[in-house]
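Each remark here refers to the structure printed beneath this line.
Within every chain, numbering begins at 1; the chains are lettered A, B, ... in the order of the sequence lines, protein sequences first and strands thereafter. When reading the values below, keep in mind they use all heavy atoms of this one structure, side chains included, and skip hydrogens, waters and symmetry mates. Since the structure is predicted, the reported quantities are computational estimates derived from the model, not experimental observations.
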2 protein chains.
Amino acid sequence: MPNTKVLPLLDPASDGSVAPCCPPLTERPFTAEEAEAAARMFKALGDPVRLRLFSAVASHEGGEACVCDIPDVGVSQPTVSHHLKKLREAGLLASERRGTWVYYRVEPSVPAAMGRLLTNASSVV
Amino acid sequence: MPNTKVLPLLDPASDGSVAPCCPPLTERPFTAEEAEAAARMFKALGDPVRLRLFSAVASHEGGEACVCDIPDVGVSQPTVSHHLKKLREAGLLASERRGTWVYYRVEPSVPAAMGRLLTNASSVV
DNA sequence: TGTCTATATTGACAGCCATCGATACAAGGC
DNA sequence: GCCTTGTATCGATGGCTGTCAATATAGACA
């Protein structure tokens, strides 16, 4: 199992690109479904350990890192694995085994979509 | 008590503006303190009900809404109040009582800072 | 003063979740 | 085959959190 399924947070378009799940936060009140989808992503980054793991992967050269490259964040190995799985399930990271090691890389379109959700939200009408 | 204290997520500069708490996620691995601060913000948006409330305020004209303006999101009045408090404590909303009603408005610099954290994270080096 | 409306707080409870140790699985070297 | 190393899963547990009903508080208006 190289990596888990891509979540319905982004709709894969016909050309293979992805479209954001939701309009900017300022456009109109979110529906329950939109909020459910977007909250999953924010929740994934709403834990300090996960944020450090994500940042470690994102800042590693090539936007990709072996688990062994990730600096110690003060929790046990099973906990690290648990959090990496959560980030995968949220669509923020993808993983791939290469021989002995497992590499994680950032799924760039997802943070980009989250960013658009927010940055357009700052230019209040 | 018009609104609770501004959290240390953004450092108020001498000129009154605010600077982001953390570098972009790709710049380097977050420290424990940076992750703690940034995770608080993401966590606040990591709940569907809070996201709907925030979106309702952000999309209301003027980026401000009375609680009575917020459409029903399917939870009780105390729960709405509880979530609005959480959003306040995360620095995402500010509140002000005007007569009978309490108005909430978006603290624009905070989502903007969160957005920068993420959008720069998508342009992987 | 009393009453009505709008919002906040309190207290309780159920479900979720971050964490760990123990263990399992995967791959490479012997 | 066996052993070692890297990663994932399992099961248990304590703490956090979203939710509600009940109640409190704030302000407007008689």
Side-chain angles (χ1 to χ4, degrees), chain A residues 1-5 30 32 35-36 38-54 56-57 60 64-90 92-105, chain B residues 1-5 30 32 35-36 38-54 56-57 60 64-90 92-105:
Chain A
M1 178 182 58
N3 53 3
T4 34
K5 68 180 188 305
F30 269 24
E36 202 72 54
R40 260 194 296 268
M41 302 189 286
F42 285 114
K43 194 174 189 177
L45 293 181
D47 178 273
V49 171
R50 279 198 292 273
L51 211 42
R52 293 186 76 185
L53 295 175
F54 185 80
V57 172
H60 204 260
E64 165 176 288
C66 167
V67 180
C68 57
D69 293 326
I70 298 176
D72 179 51
V73 295
V75 297
S76 70
Q77 177 269 322
T79 304
V80 169
S81 191
H82 166 73
H83 283 303
L84 288 172
K85 183 180 185 180
K86 289 255 183 169
L87 287 167
R88 251 190 298 133
E89 290 174 345
L92 286 161
L93 293 180
S95 70
E96 182 190 357
R97 176 178 283 273
R98 290 211 278 276
T100 305
W101 297 281
V102 176
Y103 287 79
Y104 282 79
R105 68 177 178 282
Chain B
M1 179 182 59
N3 52 3
T4 35
K5 68 180 189 304
F30 269 24
E36 202 72 54
R40 260 195 297 268
M41 301 188 287
F42 285 113
K43 195 174 188 177
L45 293 182
D47 178 273
V49 171
R50 278 198 293 273
L51 210 42
R52 292 186 76 183
L53 295 175
F54 185 80
V57 172
H60 203 259
E64 167 176 287
C66 167
V67 180
C68 58
D69 292 326
I70 298 177
D72 178 52
V73 294
V75 296
S76 70
Q77 178 269 324
T79 302
V80 169
S81 191
H82 166 73
H83 283 303
L84 288 173
K85 184 181 186 180
K86 290 254 183 171
L87 288 167
R88 252 190 298 132
E89 289 174 345
L92 287 161
L93 292 180
S95 69
E96 183 191 357
R97 175 178 284 271
R98 291 211 280 275
T100 306
W101 297 280
V102 176
Y103 287 79
Y104 282 80
R105 68 176 178 283

- With no angle test and no hydrogens, is the base of C/dA8 tied to the side chain of B/Q77 by a donor-acceptor pair under 3.5 Å? yes
- Message: Output one letter per nucleotide in nucleotides 24-30 of chain C: B when a protein non-hydrogen atom lies under 4.0 Å from the base, S when only the sugar-phosphate is that close, - when neither is.
- Response: --SSS--
Nearest to the side chain of [X] - [options]?
X     : options                : answer
B/V49 : D/dT19, D/dT7, C/dT19  : D/dT19
B/R50 : C/dA8, C/dC20, D/dG18  : D/dG18
B/P78 : D/dA21, C/dG21, D/dT19 : D/dA21

- Query: Atom CG of B/D47 to atom P of C/dC17: distance rounded to whole Å?
  - Reply: 11 Å
- Note on the structure: Between NZ of A/K86 and P of D/dT9 the distance, given in whole Å, is 13 Å
- Taking the side chain as every heavy atom from C-beta outward, state whether A/V67 and A/W101 have any pair of such atoms under 4.5 Å apart. no
- Message: Please determine whether a side-chain nitrogen of the Lys or Arg among A/E64 and A/R98 lies less than 4.0 Å from a carboxylate oxygen of the Asp or Glu.
- Response: yes
- Query: Which is true for B/Y103 with a 4.0 Å heavy-atom rule: it touches a base, it touches only sugar-phosphate, or it touches nothing?
  - Reply: nothing
Report yes if a side-chain nitrogen or oxygen of [X] is closer than 4.0 Å to either non-bridging phosphate oxygen (OP1 or OP2) of [N]; otherwise report no.
X      : N      : value
B/Y104 : C/dA6  : no
B/K43  : D/dC16 : no
B/S81  : C/dT7  : no
A/H83  : C/dT19 : yes
A/K85  : D/dA8  : no
B/S76  : D/dC20 : yes
B/H82  : C/dT10 : no

- Message: Quick check against the 3.5 Å criterion: does B/R50 have a side-chain atom that pairs as donor or acceptor with the backbone of B/A44?
- Response: yes
- Any donor and acceptor pair, going by atom type alone, linking the side chain of A/R40 with main-chain N or O of A/A90 inside 3.5 Å? no
- Task: Considering non-hydrogen atoms only, spot the tightest contact between B/M41 and B/L92 and give its length.
- Result: O-CD1, 4.1 Å
- Note on the structure: In terms of heavy-atom contacts, A/A35 and B/L51 come closest through O-CD2, 3.7 Å
